[in-house]
Amino acid sequence: MAQIIPIPALRDNYIWLVREGGNAAVVDPGDAAPVQAYLDRAGLTLTAIVITHHHWDHVNGIAGLLARFPIPVYGPARESIPGRTHPLAEGDTIAVPGVGLELSVLDVPGHTAAQLAYVGTNNGQSITFTGDTLFACGCGRLFEGTPAQMVTSLSKLAALPGDTQVYCGHEYTLANLHFALAVEPGNVALTERLAREQGKRGRGLPTLPSAMADERATNPFLRAGEPAVFAAAQAHAGRRLADAVEAFATLREWKNGFT
Ligand SMILES: [Zn+2]
């Protein structure tokens, strides 16, 4: 059974380190230094790098790590990933070398044009690495994709089992929860979640991973079709919205300007 450990990096990124015995694989190393430091401290050998998308804060550590460890780099086939040895797309599966983890690949475009998410099982527990597609109580900005693409991508993730542990790329949870409460102030699950996550941050702990059931109950971007969320989006837009995709697009724009 592998341990999955958050390595805080850059401003608010998490690099996920999958540790099994004396080996480790990392997901989205945006910076090599904190990974090197962890490997040295724990006496681990790096055996693989897994990438969700091409943004600098997810890939800038690849070259530094490859200089020390000549290892496979898995990443989206249709994005430019430095050092990538294994181009992937939906339907592919990978056995991550050295750490006993098998992952299947989902195409989740929206934040970037060809972002991937990885889904697997660790110690009987369903897990997913979602990059900047699904965040705890939020989702990534639409830099390269359309609202319709992102809604489809998020729906694939939301369909995973409720106990699936969600490992995403950033610690944005508290800001996301404040936005979610502005959208859906009557959602008791949200109020409870805010208290819970504030407690973790108060103790200096990551809020991640989150559980998919909590995302379905509280994440407004998975709930655009729920009557209360749809009504809030419509009120914010000041016009009738045709469907959940329009409601999602309204929520995404609302969040972009929300402080
Ligand atoms: Zn990104």
Side-chain angles (χ1 to χ4, degrees), residues 1-77 79-88 92-106 108 111-112 115-123 125 127-136 140 165-172 205-210:
M1 151 198 165
Q3 267 181 289
I4 306 177
I5 295 152
I7 299 181
L10 305 169
R11 197 169 133 176
D12 46 31
N13 283 73
Y14 287 122
I15 299 165
W16 294 105
L17 183 139
V18 181
R19 178 177 180 173
E20 165 71 43
N23 294 331
V26 284
V27 180
D28 286 358
D31 189 1
V35 176
Q36 305 267 30
Y38 188 95
L39 296 171
D40 290 343
R41 209 162 52 237
L44 300 174
T45 301
L46 194 66
T47 54
I49 296 172
V50 178
I51 299 295
T52 61
H53 68 294
H54 69 86
H55 283 160
W56 70 272
D57 60 323
H58 296 252
V59 304
N60 269 16
I62 295 174
L65 295 171
L66 287 181
R68 186 165 154 200
F69 304 96
I71 53 176
V73 178
Y74 301 87
E79 293 192 359
S80 170
I81 307 295
R84 185 192 55 212
T85 56
H86 291 66
L88 301 173
D92 289 337
T93 57
I94 56 173
V96 185
V99 297
L101 188 62
E102 212 169 277
L103 297 173
S104 58
V105 178
L106 293 178
V108 288
H111 175 70
T112 59
Q115 180 149 177
L116 302 181
Y118 298 89
V119 178
T121 304
N122 183 39
N123 193 30
Q125 174 80 62
I127 62 170
T128 180
F129 297 101
T130 60
D132 290 357
T133 299
L134 176 64
F135 290 130
Q165 301 292 292
V166 178
Y167 296 87
C168 65
H170 290 269
E171 180 61 67
Y172 289 160
L205 300 174
T207 58
L208 306 168
S210 65

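Residues: numbered from 1 along the sequence shown.
In this view, Y167 and W16, F129 satisfy the ring pair (Phe, Tyr, Trp, His ring centres under 6.0 Å) rule, not counting sequence neighbours. With sequence neighbours left out, E79 forms a salt bridge (Lys or Arg N to Asp or Glu O under 4.0 Å) with no residue at all. Here H54 pairs with E144 under the side-chain hydrogen bond (donor to acceptor under 3.5 Å, both in side chains) rule; sequence neighbours left out. Judged as a side-chain hydrogen bond (donor to acceptor under 3.5 Å, both in side chains), and not counting sequence neighbours, T130 has no contacts. In terms of the side chain to side chain contact (heavy atoms under 4.5 Å, CB included) criterion, residue partners of T45 (sequence neighbours excluded) are, by chain and number, N23, F69. For T47, the side-chain hydrogen bond (donor to acceptor under 3.5 Å, both in side chains) test picks out no residue, with sequence neighbours left out.
Between the E171 side chain and the P206 main chain, no donor and acceptor come within less than 3.5 Å of each other. Side chain of T85 to backbone of V73: a donor-acceptor contact under 3.5 angstrom is found. A side-chain donor-acceptor contact under 3.5 Å links T128 to the backbone of Y118.
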Going through the distances and angles, do V108 and L134 end up as a side-chain contact (heavy atoms from CB on, under 4.5 Å)? CA-CA 9 Å; V108 288; L134 176 64; over 6 Å; no
Before you tell me yes or no, could you show the steps for V50 and V26 under side-chain contact (heavy atoms from CB on, under 4.5 Å), namely the whole-Å CA-CA distance, both residues' side-chain angles and the distance that decides it to 0.1 Å? CA-CA 6 Å; V50 178; V26 284; over 6 Å; no
Show the numbers, then the answer: is there a side-chain contact (heavy atoms from CB on, under 4.5 Å) between V18 and N122? CA-CA 10 Å; V18 181; N122 183 39; over 6 Å; no
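Residue pairs meeting the salt bridge (charged side-chain N to carboxylate O under 4.0 Å, His left out) criterion with at least one partner in residues 15-37, sequence neighbours excluded, do not occur; the list is empty. Within the structure, side-chain hydrogen bond (donor to acceptor under 3.5 Å, both in side chains) pairs that include any residue of residues 94-105 do not occur (at least two apart or interchain). Residue pairs meeting the salt bridge (charged side-chain N to carboxylate O under 4.0 Å, His left out) criterion with at least one member in residues 63-73, sequence neighbours excluded, are D40-R68.
In terms of heavy atoms, A25 sits closest to V96 at CB-CG1, 3.7 Å. In terms of heavy atoms, A77 sits closest to R84 at O-NH1, 3.4 Å.
Rounding to the nearest 0.5 Å places CG of L88 at 5.5 Å from CD1 of I94. One distance of note links CZ of F135 with CG of L208; it measures 10.0 Å at 0.5 Å rounding. Annotation: the span from I15 atom CD1 to D57 atom CG amounts to 10.0 Å, rounded to 0.5 Å.
Counting only heavy atoms from C-beta outward, the side chains of T133 and C168 never approach each other to under 4.5 Å.
Screening H58, Q115, H55 against D132 for a side chain to side chain donor-acceptor pair (under 3.5 Å) leaves a single residue, H58.
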Please tabulate, one pair per line, all N/O donor-acceptor pairs under 3.5 Å involving side-chain atoms of residues 1-12, not counting sequence neighbours.
| residue | atom | partner | partner atom | Å |
| --- | --- | --- | --- | --- |
| D12 | OD1 | H170 | ND1 | 2.9 |

